[in-house]
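One structure is given below, encoded as structure tokens.
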Amino acid sequence: MSKSKLWNVVGTSVHKVDGAALAAGAPLFVDDELPRDLLFAAVKWSPHAHARITSMDTSRAEAMDGVHVVLTYKNVPRVMRTTAGQGHPEPSPYDFTTLDSKVRHVGDRVAAVAAETPALARAAVEAIEVEYELLEPVLEIRSALEKGAPVIHDELDAAMPIVAPYEPGRNLAAHVAVAVGDPPAALSKAHQRVTAEYECHYAQHCPMEPHIAVAAPDGYGRLIIRTSTQVPFHVRRIVAQACQIPVRDIRVIKPRIGGGFGAKQEVLIEDLVALLALRSGRPVKLEYTRAEEFTSARTRHPAVVTVDLGLSAEGDVEGMDMKVLLNTGAYGSHALTVGCNCGSKVLPLYKCDHVGFALDSVYTNLPVGGAYRGYGATQAAFAMECAMDEAAAKLGMDPVELRQRNTIGPGDSSPIFKALGEGTEGVEQAIGSCGLAECIARGAQAMDWSAKRQRRDEGRLRRGVGMCTLMQGSSIPEVDLGAASIKLNEDGSFNLLVGATDLGTGSDTVMAQIAAEVLGVTPDRILVLSSDTDVTPFDVGAYASSTTYLSGMAAKKAAAGARRQILEVAARLLDVPAGDLSLAEGMVKGGPRPLSLADVALSSLYAEHQHQVQSVASHVTQKSPPPFSAHFAEVEVDTATGMVRVLKYVAAVDCGTAINPLLAEGQVEGAVLNGIGYALTEEYLFDRRGKMRNPTFKHYKVLCTADLPELVTILVPSYEATGPFGAKSVSEIGINGPLPAINNAIFHATGARLRRSPFTPERVLAALE
Amino acid sequence: MPDGAPATIEVDIIINGKAQTFRVDPAEVALDTLRDAGLASVKRGCDEGDCGSCSILVDGQLMRACLLYTGQLHGREITTVEGLGTARQPHPIQRAFVEAGAVQCGYCTPGMVLATSALLDSCPSPTDEQIRQGLDGNLCRCTGYVKIVDAVRQAAAELRSGRDRSGGDR
Ligand code: FES
Ligand code: FES
């Protein structure tokens, strides 16, 4: 707590800069400000999991009064690309084109229309007649690689834009195998061995605002796209690619976003509104329904993860091997990088010299995987942290003690950092800040772990506690770029323009706090704008837990540049060396007379040495410092019904300096509850032909207030020297804990070990037998 | 009117204290009418009555605009958060949401604020359990609800103390 005294604004829970306007229901979202003459788009979706279009008749749709454009594979450019909103070149296979003559999952695109009303657009879609040649689908992750399995990407132009194994001919979207040391030898020598397979399931992000985009020709021949996206600059680049028009002809504006969680790190619908607007010459809106959000957006990649651990009798991890079979669905969006993250965000947590990792990402005719908060770490932490619990049980050790014995600490490194990056080699790093030991200690205390661990229930209702430890990263080192610019206004306020994309997380507020701290003003003097590709500097966007750590540093550098210029102006005005002066409370301090920032601005804009005080800065990181966390779950299992209730959940997290503690807690709480829902209730149910049976909130259960357990968040401060004011990331890590912590608690309560998620009553009962 | 096109109906609604008349297709849904009328706070999250983003107060009762025909609002008084307060002059419930950190993306917030208003109307001193039950029709994917429950508690206290001072909403 003494740390926060170092700063005036950083470390303080100032109100979210957009909070009051949002609570007042101000028109801030894409759908709240629509252009005149708007057309409405609708998409025709594939009813089949795997089929070839043999004929398509659009004449009836085209003849309808008020229907302006009908797009099919016959009249749009075929440009192989990815929908993954990643940097250029994207480490995802180019296996997607705007519209294709083949469909690869139920809910795949068949055609798109723009019409005068939403109802007319839907009617036009219905009027398109399509005949299909049905192909045998691949509906099981384990059968995708079998010899003779149907080939999902048999087109000849699918390719990987970076150098990485890619074999669509056998449904292999990505493959990685790395080893450091001699894992087989270390494992076979080990005193205690645990080999465990865990499988996790499809889930959807469920942002409350579904995907929505509006494209409008601007009269100059350019296209303005207002879209609910996490990656405005990638949208601009990928839409240009899809439409075969120059990047300069596109402007992407991101207004307020109703949640993303990775779902909107995908260039999912902007290509369609862009093409429809170009063809019709009118603004076009496309908004997903909730059902489309489930079937035709992106999902968490399901995975089968096998972990092999070798431990000494004392409980030292001596060898680790992880094999990941990742289901990327019909397209390979993030198939390689989510897979790599399974290893790179989980394996380094434990000190070990002999580590193996292998990944096969496979195509199936099921919904498409994508970026989802946790990004592979969720899937792999489930297996790893349950395997560690199994190891503790075998060794007769407390799981807490096993973690304390083996987890990485300050100054330690892991060979995995270098061996495994974003589809290519990674970047070596030593851990700087690490508050994991304190997370474990304080979390255990808050859960009353030692006492509750003694408990052994025999009756119908059985309580138990389980725990896990976690790490994530902060940005992609030597890949991601964040940039910011800042300028001084006449009243001593500043415009801070950032490409970093606030998607509801509060990053605009965090950016304002960082700049305000440097400039000695209150955060309300910093007017943040994010993001507009015509106006704000470049930023990769909001993903990979990068915004605070990476873009925050860009904002800090830009603010420092403005500060230097302000002090120069002030030094001239006051006739003292700039080095004697400083900024605080909106004033220049240290001079012979008080000088406000407004005085500085007025002088520089209107009087002497006239110029705009303005600064721009970029930032790239050399490290991806992991945040760390320890989670503790207490559950009650009804052994008669199989019902699992989470009674209490404790998440202790080290995110470095929490720039805004209230917002940081909110990130943890939101992630944890989403994770608990994933562990217990959220699940895609498919029919035998690969169609999702439950694409509504009635049948896909997202937790609500009534389901809220006692949720305790503990922010454990540490100081990450490479981050802005000691900060690292916080937004993703929390979602990784509930699967293993709850599963381990169920094991403690009942002795039953579940190997498949979610832990529904049926699965729990089956495991109890 | 072209043949076969449905006759429109006239619907009188008092929205946030202002009488308005709409001419709509009988099949038109209130969510569309209200959004078209510029009430941006009434959000579309599912269109199926499952998320609460489109919550409005109809004669003080919490309802989902996506489940109502516009015609059903004839002669009714409805309230949206636009009618409670503004960014510069928030209602105590809106202020509590901001102060407690209960607003992340803000997409669910108008609905949550109205659900809170309805709850506190009937139950000015709710227990945490009552808060959890009272808001359980409104989904939020961002916050994990912890800070929303805090906000409701805080708003309840503030509204009670406001009432004690008989100063109303300040
Ligand atoms: S939009 Fe009405 S309940 Fe979801
Ligand atoms: S704040 Fe985003 S859905 Fe509630």
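Side chains included, hydrogens not; waters and symmetry mates left out as well; all remaining heavy atoms used. Here is how names work: the chains are called A, B, and so on, in the same order as the sequence lines, proteins then strands, and each is numbered from 1.
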> Between A/Arg226 and A/Asp32, is there a side-chain N and carboxylate O pair less than 4.0 Å apart?
Replying inline: no
>> I need the residue from A/Gly506, A/Ser13, A/Cys206, A/Gly259 with the largest number of non-hydrogen atom pairs under 4.5 Å to chain B.
In response: A/Cys206
> chain B heavy atoms under 4.5 Å from A/Leu503: which part of the residue, side chain, backbone, both or neither?
Replying inline: backbone
>> Counting heavy-atom pairs under 4.5 Å with chain B, which one of A/Val14, A/Asp31, A/Asn660 comes out on top?
In response: A/Asp31
> With a 4.5 angstrom heavy-atom cut-off, which part of B/Ser41 approaches chain A: side chain, backbone, both or neither?
Replying inline: both
> Are B/Asp25 and B/Thr8 close enough that a side-chain donor and a side-chain acceptor fall under 3.5 Å?
Replying inline: no
>> Quick check on A/Leu22 against chain B: is it the side chain, the backbone, both or neither that has a heavy atom closer than 4.5 Å?
In response: both
> Looking at A/Ile212, A/Asp18, A/Thr696, which has the largest count of heavy-atom pairs under 4.5 Å with chain B?
Replying inline: A/Thr696
>> Whether the side chain of A/Gln513 engages the backbone of A/Ile659 through a donor-acceptor N/O pair (distance < 3.5 Å, no angle test) should be reported.
In response: yes
>> Need one label for A/Phe261: side chain, backbone, both or neither, based on atoms under 4.5 Å from any heavy atom in chain B.
In response: side chain
> Top residue by heavy-atom pair count (under 4.5 Å) with chain A, among B/Leu135, B/Thr109, B/Val146?
Replying inline: B/Val146
> Do B/Asp12 and B/Thr21 have side-chain N/O donor and acceptor atoms under 3.5 Å apart?
Replying inline: yes
> Which bit of B/Val149 is near chain A, if near means a heavy-atom gap under 4.5 Å: side chain, backbone, both or neither?
Replying inline: side chain
> Is there a donor-acceptor pair closer than 3.5 Å between any side-chain N or O of A/Thr501 and the backbone N or O of A/Gln230?
Replying inline: yes
> Picking from B/Gln89, B/Glu48, B/Gln133, which has the most non-hydrogen pairs under 4.5 angstrom with chain A?
Replying inline: B/Glu48
> Side chain, backbone, both or neither: which part of A/Val672 has a non-hydrogen atom closer than 4.5 Å to chain B?
Replying inline: neither
> Going by atom types alone, do A/Tyr372 and A/Asn674 pair a side-chain donor with an acceptor below 3.5 Å?
Replying inline: yes
>> Between A/Pro210, A/Ala20, A/Cys704, who has the most heavy-atom pairs with chain B when the cutoff is under 4.5 Å?
In response: A/Cys704
> Relative to chain B, which of A/Gly504, A/Gly677, A/Gly666, A/Gly734 shows the most heavy atom pairs under 4.5 Å?
Replying inline: A/Gly504
> Honestly, is A/Arg290 close enough over A/Phe697, meaning NZ or CZ under 6.0 Å from the six-membered ring centre and within 45° of the axis?
Replying inline: no
> Between B/Ala102 and chain A, which part of the residue has a heavy atom less than 4.5 Å away: side chain, backbone, both or neither?
Replying inline: neither
> Which pair of non-hydrogen atoms, one from B/Ile13 and one from B/Thr70, has the smallest distance, and what is that distance?
Replying inline: CD1-CG2, 4.4 Å
>> Given heavy-atom pairs under 4.5 angstrom as the criterion, report whether the side chain, backbone, both or neither of B/Leu139 touches chain A.
In response: both
> For the candidates B/Gly49, B/Cys140, B/Ala100, B/Gly38, which exhibits the highest count of non-hydrogen atom pairs separated by less than 4.5 Å from chain A?
Replying inline: B/Ala100
> Between B/Asp32 and B/Arg44, does at least one N-O distance fall below 4.0 Å, as a salt bridge requires?
Replying inline: yes
>> I'd like to know if A/Glu665 pairs up with B/Lys147 as an ion pair, taking the criterion as any Lys NZ or Arg NE/NH1/NH2 lying under 4.0 Å from an Asp or Glu carboxylate oxygen.
In response: yes
>> Between A/Glu209 and A/Lys264 (salt bridge meaning N to carboxylate O under 4.0 Å), is one present in this structure?
In response: yes
>> Less than 4.5 Å to any heavy atom of chain B: does that hold for the side chain of A/Leu708, its backbone, both, or neither?
In response: both
> For chain B, which of A/Asp707, A/Leu673, A/Leu662, A/Leu663 has the most heavy-atom pairs under 4.5 Å?
Replying inline: A/Leu662
> Non-hydrogen atoms of chain B under 4.5 Å away: do they reach the side chain of A/Glu287, the backbone, both or neither?
Replying inline: side chain
> Are the side chain of A/Ser629 and the backbone N or O of A/Ala652 linked by a donor-acceptor pair below 3.5 Å?
Replying inline: yes
